[in-house]
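Taking it in order: structure first as structure tokens, then the write-up.
Labels below follow one simple rule: chain letters A, B, ... track the order of the sequence lines, proteins then strands, and each chain is numbered from 1.
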Amino acid sequence: MATEQSNERYNAPVREKYWQKVWQDKKTFCTSNDDERPKYYVLEMFPYPSGRIHMGHVRNYAMGDVVARFKRAKGFNVLHPMGWDAFGMPAENAAMQRKVHPGEWTYQNIATMRSQLKMLGLSVDWDREFATCDVEYYHQQQKLFLDFLKKDLAYRRSSKVNWDPVDNTVLANEQVIDGKGWRSGADVEQRKLTQWFLRITHFADDLHASLDTLDRWPEKVRVMQKNWIGKSEGALVRFALDEQKCPDGFSQIEVFTTRPDTLFGASFCGLSPDHPLAIEIAKTNPELKNFIKECERAGTTQEEIDTAEKLGFNTGLTVTHPLDDNWQIPVYVANFILMDYGTGAIFGCPAHDQRDLDFARKYELGVTPVVVPSGEDIESFQIKEEAYTGPGKLANSRFLDGMTVKDAKKAIIDKLDETGSADRQTQYRLRDWGISRQRYWGCPIPIIHCKKCDAVPVPIDELPVKLPDDVSFDKPGNPLNHHPTWKNVKCPSCGAKARRETDTMDTFVDSSWYYARFCSPKADVPVEREAIDKWLPVDQYIGGVEHAILHLLYSRFFARAMRATDHLSISEPFAGLFTQGMVNHETYQDESGAWLAPVYVRIEGDGFDRKAVHDKTGEPVTIGSIEKMSKSKHNVVDPDDIITHYGADTARWFMLSDSPPERDVVWTDAGAEGAWRFIHRLSRLVDDGVELMADHDTPEPAKIGDKAVELRRHTHKALQAVGTDIEGLRFNRAVAQIYEFTKHITTALKNFKRDNQGEAFALREAFTFLIQMFGPMMPHLAEDCWARLQCNTLLIDSPWPTPIKALLIDETIKIAVQVNGKRRDELTILIAAANDDIEKAALELDNVKRSIGDKKVRKVIIVPKRIVNIVI
RNA sequence: GCGGGCGUGGUGGAACUGGUAGACACACAGGACUUAAAAUCCUGAGGCCUUUGUGCCGUGCGGGUUCGAGUCCCGCCGCCCGCACCA
């Protein structure tokens with residue numbers, strides 16, 4: 001780490017500040033909405049202002065910045081904004097722990113992180129910056145909410161929530177650990193609360209189907225979203241209840257099934273313990289009441305669900321088979337049926353569903369196979385421990401017998417349809433999005449509750465509903481709830497005493513449309529139509545894969561909902577998505593087992609002798625596994641330390657080198673040192689080059705010698721390769737290309753002469769292109785080197801050069817010559833050589849002759865420009 | 001259990017539609033410069049072999065297709081990620 005740089009010419013931290021000021025003074029990165037050039041919108045997921053930036057941010061924003069700077073050089077009008085995902089719980093926790101107002105805490109963090117990000121030298125248009133906790137932002141969000149409400153895309157209903165009785169708050173699922181609140185440790189209760197929902201299920205089918213159009217998204221993310229939406233096509237089948245025996249108001253059970261073809265294999269019907277009929281029966285049946293209670297008590301942890309036994313309770317009721325009046329089917333309440341999915345009721349066909357089979361075996365219900373796989377026959381086919389879920393021909397199923405599963409599905413639904421006992425239906429796993437949070441630091445839901453008028457929207461001209469500043473976090477629960485003057489208002493509709501909605505919105509709402517707001521960040525409407533039509537969709541979105549489902553799905557929903565409310569005209573907000581890997585680091589523990597930060601650790605030796613000791617005390621330190629940088633394991637490297645010591649370009653370059661961007665990268669001191677050394681090598685190389693290269697604007701000489709032409713070939717090939725690699729976000733390969741090209745220049749520099757016009761010209765070209773190639777990755781160094789070329793422009797204003805095609809193609813090529821598939825020699829030959837000539841030349845090679853010996857050549861395979869294979 | 005991905009030197013990783021495996025970097029070793037060190041520059045390097053060669057082996061393992069397989073197919077093994085009683 002402590003490398004002397006006093007005798008180095010390039011002082012990165014100083015030069016970086018200098019160039020950042022140059023760009024800032026020229027307002028270089030301010031993007032105009034009235035620019036005629038083709039647009040390119042590059043966006044990285046905006047950060048949560050937690051306090052300080054971490055290496056994950058550096059990696060994320062470095063990648064985005066490479067794309068932004070590259071596209072700018074390619075002549076695009078680039079939009080590259082930055083903002084803050086600024087609402088959320090940590091601010092309230094800070095308020096409770098440190099008695100600091102959430103707003104103050106948040107804006108201070110933003111100030112710190114903004115200055116840290118600025119040190120990275122990102123080509124960001126800071127004029128468009130906003131935080132989601134800015135009143136101006138959530139004001140517009142409240143308008144969107146009211147628009148959604150009008151279109152029935154927002155609504156209110158009662159739903160179960162995880163309630164922490166100590167903190168008086170609702171907990172997200174991930175905040176419930178082993179059934180206890182993550183903060184209070186109290187047993188979490190399931191409570192019914194009236195909550196606001198966004199009707200994401202309205203777009204379920206489109207959200208599902210449109211995934212196929214997102215060809216610039218990672219397959220992985222699309223698959224995850226598909227699973228999350230969970231589309232399944234089937235039928236809603238109605239089973240008539242024996243009305244004599246069942247409670248008033250119930251006459252049938254509706255079940256959803258994806259296997260209506262197995263209806264003749266049904267041996268029971270099952271109800272969820274939460275099913276209204278089950279609850280109704282339980283009122284007069286204490287045994288069932290007990291059973292339902294037991295189901296509720298059953299754990300929710302993974303292990304418990306995995307090992308839970310299928311349990312049921314026979315209600316004594318029966319239903320009639322929809323296609324046979326004489327067929328009575330028993331009705332059970334069963335613990336494995338979810339009220340949340342389908343209708344909360346099923347029919348059980350044990351032969352072809354594992355869960356039903358487990359259940360049937362336990363309660364000794366009939367198991368009739370109705371689908372027989374090919375190769376088996378009806379007489380002998382038996383279901384033992386495993387249900388058969390594969391394809392086959394129907395059997396034991398009356399008019400369906402002999403049909404395939406697919407045909408049978410259609411036939412039976414048609415039949416059921418005739419008698420009115422079934423409908424085709426598509427079910428989704430996706431639930432509507434509950435956005436109510438019983439917290440202070442979020443966007444207030446602009447609603448006033450009146451006893452007479454119910455939930456009344458706050459009139460548009462009374463928006464925004466601002467968060468009150470004078471709140472206290474001394475009492476548990478939501479401060480908005482015990483703020484009398486804020487909470488108690490008059491009903492906008494009848495003027496009677498009323499109270500504000502004290503819930504605020506899930507912070508995922510804030511991040512579901514920020515990409516749109518950046519197009520017109522100051523507008524007094526959520527989005528300006530003209531701006532948004534120009535900029536959206538985002539051409540390249542970059543962020544962590546941890547947002548693969550929720551954030552991206554919610555954003556896709558918002559685009560659709562905003563289209564439905566006439567705010568915009570597209571439905572897919574992100575045309576290209578890239579999910580980058582994490583930044584990892586070794587972990588260290590001292591003798592007491594406490595985690596140690598890397599700054600306190602000194603590494604000695606290498607390989608098997610590699611040891612770590614405490615930098616101060618010299619005590620031995622255990623080197624642990626490589627893990628994601630996290631506060632809990634203390635294995636974090638602070639970008640600030642790196643930037644102040646090595647400069648931003650080192651951090652950026654290292655984050656882009658080596659590891660493919662979608663994979664995890666390990667931060668090592670050695671790697672950072674390597675990047676730093678390369679920066680200085682480049683700097684020296686440019687200084688040496690300036691001595692030999694032609695002056696700025698020297699025209700191409702008429703004759704250029706072989707050596708110079710060779711360098712030019714390398715130059716143009718590298719340019720081409722780096723361009724395509726950046727375009728394809730293969731930054732690690734672009735980096736490797738630059739290293740390789742640097743070697744070529746180094747060699748040329750040793751052999752070239754200033755008074756050779758061709759060589760001087762080729763050198764100038766090589767350096768010019770080299771600087772442009774690494775410019776997007778190390779913009780400060782590049783700008784500095786560019787200035788040394790004395791061409792009186794800024795690199796940032798220089799267009800990406802176009803490679804000359806003729807220089808991309810070699811005249812001769814080296815190809816391998818194999819004998820029986822084993823490489824024996826190689827052949828340098830004109831690229832345009834005829835196959836006959838290649839064969840002749842190959843057969844004349846000494847090594848080839850020797851390998852052939854006196855054997856007969858049976859066949860010669862020639863793939864032009866690739867290989868010769870001689871078969872003997 | 002289901003779905004997706006991956007497995008290449010000491011390490012991170014290259015290798016386009018099957019066509020010279022190991023680019024590039026890190027670490028390492030040797031050399032140059034230096035009184036010395038650091039820095040820098042140059043060179044070397046997949047493994048095996050008391051046959052150092054015009055040799056053999058080699059991309060998790062075992063088969064297959066092919067003139068030719070890291071790449072395609074079949075079967076295993078291992079690792080990572082996501083989902084999970086979804087009817």
Side-chain angles (χ1 to χ4, degrees), chain A residues 3-5 7-8 218-228 230-232 234 255-259 262 270 272 302 305-306 308 310 334-338 340-349 352-356 358-359 427-430 545-546 548-549 606-608 610 654 657-660 662-666 668-675 677-678 680-681 684 724 730 732-743 746 750 814-827 846-851 858-863 865-872:
Chain A
T3 316
E4 280 305 317
Q5 49 179 282
N7 54 355
E8 295 291 340
E219 176 67 18
K220 180 172 138 180
V221 174
R222 287 189 286 169
V223 168
M224 281 162 75
Q225 293 220 352
K226 273 207 170 156
N227 292 341
W228 187 262
K231 179 178 180 171
S232 48
V255 309
F256 175 71
T257 179
T258 55
R259 294 297 302 273
T262 64
S272 161
Q302 215 61 326
I305 290 170
D306 281 350
K310 305 269 177 291
N335 65 345
F336 65 95
I337 300 164
L338 307 171
D340 273 351
Y341 189 77
T343 60
I346 61 154
F347 80 78
C349 175
H352 305 291
D353 183 291
Q354 192 59 44
R355 293 156 302 180
D356 296 349
D358 294 345
F359 190 80
Q427 276 290 335
Y428 299 91
R429 204 189 78 105
L430 184 68
V545 75
E546 64 272 21
I549 298 177
D606 56 71
F608 290 116
R610 195 161 173 276
F654 179 45
S657 311
D658 288 348
S659 287
E662 68 280 8
R663 255 187 257 179
D664 289 356
V665 63
V666 182
T668 60
D669 285 352
E673 292 269 1
R677 280 199 302 268
F678 183 59
H680 290 278
R681 191 153 92 231
R684 283 192 306 271
T724 33
R730 293 178 295 266
N732 58 320
R733 294 214 320 205
V735 164
Q737 301 284 0
I738 290 168
Y739 272 116
E740 205 172 356
F741 179 46
T742 305
K743 279 188 176 177
T746 308
K750 278 188 223 148
K814 257 195 222 168
I815 59 173
V817 180
Q818 300 179 331
V819 176
N820 277 358
K822 282 192 179 169
R823 181 182 171 279
R824 293 297 172 192
D825 209 333
E826 60 184 24
L827 183 66
D846 285 348
N847 287 344
V848 172
K849 279 190 195 157
R850 208 172 292 122
S851 299
R858 294 199 307 182
K859 202 173 172 191
V860 178
I861 288 151
I862 295 167
V863 182
K865 290 190 235 176
R866 292 209 192 277
I867 208 156
V868 178
N869 191 11
I870 297 160
V871 188
I872 55 173

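With a cut-off of 3.5 Å on both Watson-Crick or G-U wobble distances, the partner of B:rU11 is given as B:rA25. Pair assignment for B:rA32 gives B:rU40, based on Watson-Crick or G-U wobble hydrogen-bonding distances that are each under 3.5 Å. Both distances falling under 3.5 Å, in either a Watson-Crick or a G-U wobble arrangement, place B:rG1 opposite B:rC83.
Looking at heavy-atom distances under 4.0 Å, A:R858 makes no contact with the nucleic acid at all. When heavy atoms are screened at a 4.0 angstrom cut-off, A:D340 is found touching no nucleic acid atom at all. Within 4.0 Å of A:I337, counting heavy atoms only, lies at least one base atom of the nucleic acid. Across all strands, A:D658 comes closer than 4.0 Å to base atoms (heavy-atom distances). When heavy atoms are screened at a 4.0 angstrom cut-off, A:K822 is found touching the sugar-phosphate backbone but no base atom. Nucleic acid contact for A:F256: base, since at least one base atom lies under 4.0 Å from a heavy atom of the residue. Within 4.0 Å of A:K750, counting heavy atoms only, lie sugar-phosphate atoms of the nucleic acid but no base atom. In this structure, A:S657 reaches neither bases nor backbone, as no heavy-atom distance under 4.0 Å exists between it and the strands shown. A:V871 comes within 4.0 angstrom of the backbone, heavy atoms only, and of no base. The residue A:Q818 sits close to a base: some heavy atom pair falls under 4.0 Å.
Between A:L338 atom CG and B:rA87 atom P the separation is 10 Å, expressed in whole Å. Between the CD1 atom of A:I549 and the P atom of B:rC83 there is a distance of 5 Å, rounded to whole Å. Spacing between atom CE of A:M224 and atom C1' of B:rC83 amounts to 9 Å, rounded to whole angstrom units. Put simply, CD on A:Q737 is 13 Å from C1' on B:rA25, counting in whole angstrom units.
For the pair A:N820 and A:I870, the minimum side-chain heavy-atom distance is 4.5 Å or more. For the pair A:F678/A:E673, no side-chain contact is recorded, criterion being any heavy-atom separation below 4.5 Å from C-beta on. Contact annotation: the side chain of A:V848 approaches that of A:V817 to within less than 4.5 Å [non-hydrogen atoms, C-beta and beyond]. Side-chain contact between A:R824 and A:K822 is present, with at least one heavy-atom pair separated by less than 4.5 Å. With contacts defined as side-chain heavy-atom distances shorter than 4.5 Å, the pair A:F654/A:T668 qualifies.
OP1 or OP2 of B:rG12 has not a single side-chain nitrogen or oxygen of A:T668 nearer than 4.0 Å. The side chain of A:Y739 contributes no N or O atom lying less than 4.0 Å from OP1 or OP2 of B:rA25. For A:R677, no side-chain nitrogen or oxygen approaches OP1 or OP2 of B:rC41 to under 4.0 Å. The shortest distance between the side-chain N/O atoms of A:N732 and the OP1/OP2 oxygens of B:rA14 is below 4.0 Å. At B:rA25, one or more side-chain N or O atoms of A:K743 fall inside 4.0 Å of OP1 or OP2 (strictly under the cut-off). Phosphate proximity of B:rA84 to A:R429: present, with a side-chain N or O under 4.0 Å from OP1 or OP2.
Closest to the side chain of A:R866, out of B:rG19, B:rU20, B:rA39, is B:rG19. The nucleotide whose nearest atom lies closest to any side-chain atom of A:E740 is, among B:rC41, B:rG19, B:rA23, B:rA23. When distances are taken from the side chain of A:R663 to each of B:rG19, B:rU20, B:rG13, the shortest belongs to B:rG13. For A:V223, taking side-chain heavy atoms from C-beta onward, the closest of the listed nucleotides B:rA87, B:rG3, B:rG19 is B:rG3. Distance from the side chain of A:I867 is smallest to B:rG19 among B:rG82, B:rG19, B:rC85. Checked against B:rC67, B:rA87, B:rC24, the side chain of A:T257 finds its nearest nucleotide in B:rA87. Considering only the side chain of A:A670, B:rA27 comes nearest among B:rG19, B:rA21, B:rA27.
Between A:F256 and A:Y341, the ring planes are perpendicular. Angles over 60° get that label, and only those under 30° would be called parallel.
Base orientation of B:rG9: syn, the glycosidic angle falling within 90° of 0.
Checking A:G674 against A:D356, the closest nucleotide of RNA chain B that is more toward the 5' end is the one next to A:G674.
With hydrogens and angles disregarded, no donor-acceptor distance shorter than 3.5 Å links the side chain of A:S272 to the backbone of A:L338.
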